[in-house]
Amino acid sequence: MFKWLDPYAKPETLYRICGLWFPWLMTAAVATLLLGTVWGLAFTPADYQQGDSYRIIHIHVPSAIWSMGAYSSMAIAALIALVWQVKAAQWAVGAIAPIGAVFTVIALFTGAAWGKPMWGTWWVWDARLTSELILLFLYLGVIALSGAFADRQTGAKASALLAIVGVVNLPIIHFSVEWWNTLHQGATITKFAKPSIDASMLWPLLISILAFGLWLAALTCLRLKTAILQNEQHRPWVRQLAASAVKGE
């Protein structure tokens, strides 16, 4: 199964792929982030109820969406690592976890900043907010478990298992506003037939979501490259790469 992926799972090949894609992904991420942010902050109209405070949506919504997207990607990598024993997949778990944790912190912080003028308080134990906070704890648990054991393999397996089990929290985050009576507003852009947001506000938001996705991919490539070098430093190709870098200096 997935035999066609075998060549790409080789550390040397994966390292070169990440190195090839990183500058393109980062350039695209910066360009789209600037476009979406400037468009959203300077050129979209104010909301008829929330005024200008709604503009934080261009950071809050993308970070919240990709905090879950990053966790999904991490869980898939963890499943591959446990079932098919692919080393690179386990390294991907470690590469994605801190990025996803940062995205979750951004989502929580911007949500609190948005909630203060709307709800009159920075925090409520709302179903959406609480489940997003649990997501942060799951990320921190994965990070902590990976280095909590003297045997690195045991830590890797424990963190991968937690990543997989924690997937149950993702539908809770997404559907919490439908399952329970919460303060958090309902779906807007995911109602594709009739989004609850004007097109003039929707397009810069979609661009910002794309930007955060590209940012996630770029940072994952960068961290995965570092993880590969750390774990393969005894390999001849890494030594040759290091020697070439020294000569280049």
Novice: Does any non-hydrogen side-chain atom of T37 lie less than 4.5 Å from one of H58?
Specialist: no
Novice: Answer yes or no: are there more than 12 heavy-atom neighbours, outside W39 itself, under 6.0 Å from its atom CH2?
Specialist: yes
Novice: Does the side chain of I65 come within less than 4.5 Å of F103's, by heavy atoms?
Specialist: no
Novice: Hey, quick one: are L216 and L108 part of the same hydrophobic cluster, counting side-chain heavy atoms closer than 4.5 Å, chains of contacts allowed?
Specialist: yes
Novice: Less than 4.0 angstrom from a charged side-chain N to a carboxylate O is my criterion; do R128 and E132 meet it?
Specialist: no
Novice: Looking only at heavy atoms, what is the nearest atom pair of Q233 and Q230, with distance?
Specialist: NE2-O, 2.9 Å
Novice: Can you classify the ring geometry of Y71 versus Y139 as parallel (below 30°), tilted (30 to 60°) or perpendicular (above 60°)?
Specialist: perpendicular
Novice: Is there side-chain contact between Y54 and T44, with at least one heavy-atom pair below 4.5 Å?
Specialist: yes
Novice: Compare every heavy atom of L145 with every heavy atom of F149, then report the nearest pair and how far apart it is.
Specialist: CD1-O, 3.7 Å
Novice: I need the minimum non-hydrogen distance between A75 and I164, along with the two atoms involved.
Specialist: O-CG1, 3.9 Å
Novice: side-chain contact (heavy atoms from CB on, under 4.5 Å) between M26 and L219: does it pass, once the steps are laid out?
Specialist: CA-CA 8 Å; M26 185 56 76; L219 292 177; 4.0 Å; yes
Novice: Just wondering, do L135 and L170 contact through their side chains at under 4.5 Å, heavy atoms?
Specialist: yes
Novice: Check the surroundings of atom CH2 in W24: do more than 12 heavy atoms from other residues, nucleotides or ligands lie under 6.0 Å from it?
Specialist: no
Novice: Within a strict 4.5 Å, meaning less than it, do heavy atoms of the R223 and I99 side chains meet?
Specialist: yes
Novice: Same cluster for I56 and L206 if Ile/Leu/Val/Met/Phe/Trp/Tyr side chains link at under 4.5 Å?
Specialist: yes
Novice: Would you give the length of the straight line joining atom CG of N169 to atom CG of L136, rounded to the nearest 0.5 angstrom?
Specialist: 11.0 Å
Novice: I'd like to check L33 versus F212 (side-chain heavy atoms, cut-off strictly below 4.5 Å). Are they in contact?
Specialist: yes
Novice: Drop me the distance from R16's CZ to W237's CH2, to the nearest 0.5 angstrom.
Specialist: 6.5 Å
Novice: Give a yes or no on this: more than 12 heavy atoms of other residues, nucleotides or ligands lie within 6.0 Å of atom CH2 of W21.
Specialist: no
Novice: So, for A95 and L224, which heavy atoms are closest and what is the spacing to 0.1 Å?
Specialist: CB-N, 3.9 Å
Novice: Identify the heavy atoms of A156 and Q90 that sit nearest to each other, and give their distance.
Specialist: O-OE1, 3.2 Å
Novice: Should W203 and L34 be counted in the same cluster of Ile, Leu, Val, Met, Phe, Trp and Tyr side chains packed under 4.5 Å apart?
Specialist: yes
Novice: Does F109 reach the side chain of I59, with side-chain heavy atoms less than 4.5 Å apart?
Specialist: no
Novice: Ignoring hydrogens and geometry, is there a side-chain-to-backbone donor-acceptor pair from S146 to I143 under 3.5 Å?
Specialist: yes
Novice: If you round to the nearest 0.5 Å, how far is CH2 of W215 from OG1 of T220?
Specialist: 11.5 Å
Novice: Rounded to the nearest 0.5 Å, how far apart are CD of Q153 and NZ of K157?
Specialist: 6.5 Å
Novice: Does any part of the side chain of Y15, heavy atoms only, come nearer than 4.5 Å to the side chain of L241, both counted from C-beta?
Specialist: yes
Novice: Any donor and acceptor pair, going by atom type alone, linking the side chain of W66 with main-chain N or O of I209 inside 3.5 Å?
Specialist: yes
Novice: Please determine whether residues L35 and M201 belong to a single hydrophobic cluster, defined as Ile, Leu, Val, Met, Phe, Trp and Tyr linked transitively by side-chain heavy-atom distances below 4.5 Å.
Specialist: yes
Novice: Distance from E232 atom CD to K87 atom NZ, nearest 0.5 Å?
Specialist: 4.5 Å
Novice: List the atom of V38, the atom of F43, and the distance in Å for their closest heavy-atom pair.
Specialist: O-CD1, 3.6 Å
Novice: Atom CD1 of I173 and atom CG of L129: how far apart are they, to the nearest 0.5 Å?
Specialist: 10.5 Å
Novice: Should V86 and V83 be regarded as members of a common hydrophobic cluster, given that ILVMFWY residues are connected when their side-chain heavy atoms come within less than 4.5 Å of each other, either directly or indirectly?
Specialist: yes
Novice: More than 12 foreign heavy atoms under 6.0 Å from CD of Q85: is that the case here?
Specialist: yes
Novice: Taking R55 for its side chain and A42 for its backbone only, find out whether a donor-acceptor pair lies under 3.5 Å.
Specialist: no
